[in-house]
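Quick notes on the structure that follows.
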2 protein chains.
Amino acid sequence: MTAIDLPLVTRETAAVALGSAPDAACCGPLTRETISPADAETFARRLKALADPVRLRLVSIVAASEGHEACVCDLTEPVGLSQPTVSHHLKILTEAGFLSRSKRGTWAYYRLVPGALEAVAAPLVSV
Amino acid sequence: MTAIDLPLVTRETAAVALGSAPDAACCGPLTRETISPADAETFARRLKALADPVRLRLVSIVAASEGHEACVCDLTEPVGLSQPTVSHHLKILTEAGFLSRSKRGTWAYYRLVPGALEAVAAPLVSV
DNA sequence: TTTATTCATTGACGTTCGTCGATATACAGA
DNA sequence: TCTGTATATCGACGAACGTCAATGAATAAA
């Protein structure tokens with residue numbers, strides 16, 4: 001990338017050599033809008049709720065369960081963690097909008113929120 | 001858990017009352033395969049690399065840059081963080097396979113790895 | 001009411017994460 | 001060579017995270 005016929009190789013002069021404006025620098029101007037800090041914050045919060053091996057397994061088990069729902073007592077054993085820990089993860093997934101909770105009797109049933117996973121995947125493919 | 005056909009209301013007897021098989025319980029059997037612990041671990045690691053507002057902005061800026069590449073010096077200002085911190089985030093994104101690094105002169109140019117974001121989004125829509 | 005069961009919450013602990021300043025490394029120009 | 005610039009690495013700090021035992025809240029049967 002060294003400069004053509006110029007003594008000092010700066011990113012500015014290199015950009016000039018490439019035909020861009022002097023203040024275009026190495027990376028040039030942005031060709032489109034970038035994500036706003038606020039949007040990045042909310043999107044990261046949603047991704048972070050999924051970015052845990054235990055929570056991914058919980059989502060997978062709920063999705064694969066008959067009727068697409070599962071209660072805590074059936075999730076704690078396949079995951080191999082204590083009941084409070086499983087409830088903690090389920091709360092995170094629920095607050096992030098991936099699971100919904102409905103209590104029937106003494107049991108709490110969690111089920112997938114339709115379209116929630118697709119909604120978090122969509123921005124990734126359109127980057 | 002308690003036995004079947006006992007006066008105590010267990011999830012088994014509740015399932016019977018609902019017309020399901022006795023061992024169907026509340027969540028019933030799994031209707032398909034669930035993610036393996038190992039796959040959940042690697043997938044969570046990839047998601048975790050993206051689950052940060054700063055790293056999402058870095059990816060967005062690189063993707064929107066002319067030529068689809070950007071060097072560290074141009075990324076540190078719009079993000080508003082120190083250069084070591086930006087380099088740290090870029091390393092995480094690179095090790096996760098989302099960015100590639102090519103050094104030309106004293107500058108390090110980062111660009112998006114084609115298909116990397118789509119690859120991490122695909123498993124989400126197919127759950 | 002008493003007992004038993006399911007689940008959520010609390011408090012604590014060790015680990016990981018995000019950030020910075022300081023320093024090291026690599027490269028280009030003089 | 002020496003100087004300046006761009007980037008990576010190191011060490012440290014506070015914050016956030018994952019986990020558990022203990023406890024609390026709610027429900028149902030006896």
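Per chain, numbering begins at 1; letters A, B, ... match sequence-line order. The shown structure was predicted, so the numbers you read here are calculated from the model rather than taken from an experiment.
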Inset, instruction - Starting from P on C:dT6, measure out to CD on A:Glu77 and report it in whole angstrom. - result: 14 Å

Inset, instruction - Report the distance from atom NZ of B:Lys103 to atom P of D:dA8, rounded to the nearest whole Å. - result: 7 Å

Inset, instruction - Could you tell me the separation between the CG atom of B:Leu50 and the CG atom of B:Leu58, rounded to the nearest 0.5 Å? - result: 11.0 Å

Legend entry - SB check A:Arg101 A:Glu69 (cutoff 4.0 Å): no

Inset, instruction - Kindly write out the residues that satisfy side-chain hydrogen bond (donor to acceptor under 3.5 Å, both in side chains) with A:Gln83, not counting sequence neighbours, or none if the list is empty. - result: A:Ser87

Inset, instruction - Would you kindly say whether A:His68 and A:Arg111 are connected by a side-chain donor-acceptor distance under 3.5 Å? - result: no

Inset, instruction - State the NE2-CG distance between B:His89 and B:Leu56, to the nearest 0.5 angstrom. - result: 11.0 Å

Legend entry - Distance test, side-chain N/O of B:Arg101 to OP1/OP2 of D:dA8, below 4.0 Å: yes

Inset, instruction - Would you please confirm or rule out a distance under 4.0 Å between OP1 or OP2 of D:dT27 and any side-chain N or O of A:Thr106? - result: no

Legend entry - Interatomic distance, A:Leu75 CG vs D:dT19 C1' [rounded to whole Å]: 17 Å

Inset, instruction - Indicate yes or no: does B:Arg46 engage B:Glu41 in a salt bridge with an N to O separation below 4.0 Å. - result: no

Legend entry - N or O in side chain of B:Tyr110 less than 4.0 angstrom from D:dA8 OP1/OP2: yes

With the criterion being N/O to N/O and under 3.5 Å, what pairs connect the protein with nucleotides 17-21 of chain C, and how long is each?
residue: C:dG18; atom: OP1; partner: B:Asp52; partner atom: OD2; Å: 3.2
residue: C:dG18; atom: OP1; partner: B:Arg55; partner atom: NH2; Å: 3.0
residue: C:dG18; atom: OP2; partner: B:Arg55; partner atom: NH1; Å: 3.4
residue: C:dT19; atom: OP2; partner: B:His89; partner atom: NE2; Å: 2.4
residue: C:dC20; atom: OP2; partner: B:Ser82; partner atom: N; Å: 3.0
residue: C:dC20; atom: OP2; partner: B:Ser82; partner atom: OG; Å: 3.0
residue: C:dC20; atom: OP2; partner: B:Thr85; partner atom: OG1; Å: 2.8

Inset, instruction - Check every atom of C:dT6, D:dA8, D:dT9 against the side chain of B:Lys91 and return the nucleotide holding the closest atom. - result: D:dT9

Legend entry - Polar side-chain atom of A:Thr85 near backbone of A:Leu81 as donor-acceptor pair, under 3.5 Å: no

Inset, instruction - Could you check how far CG of B:Leu93 sits from C1' of D:dT7, rounded to whole Å? - result: 16 Å

Legend entry - Any donor-acceptor N/O pair, B:Arg57 side chain to B:Pro78 backbone, under 3.5 Å: yes

Legend entry - Selection: residues 34-47 of chain B, any non-hydrogen atom under 4.0 Å of DNA chain C: none

Legend entry - Sidechain-backbone polar pair: B:Ser36 side chain, B:Asp39 backbone, donor-acceptor under 3.5 Å: yes

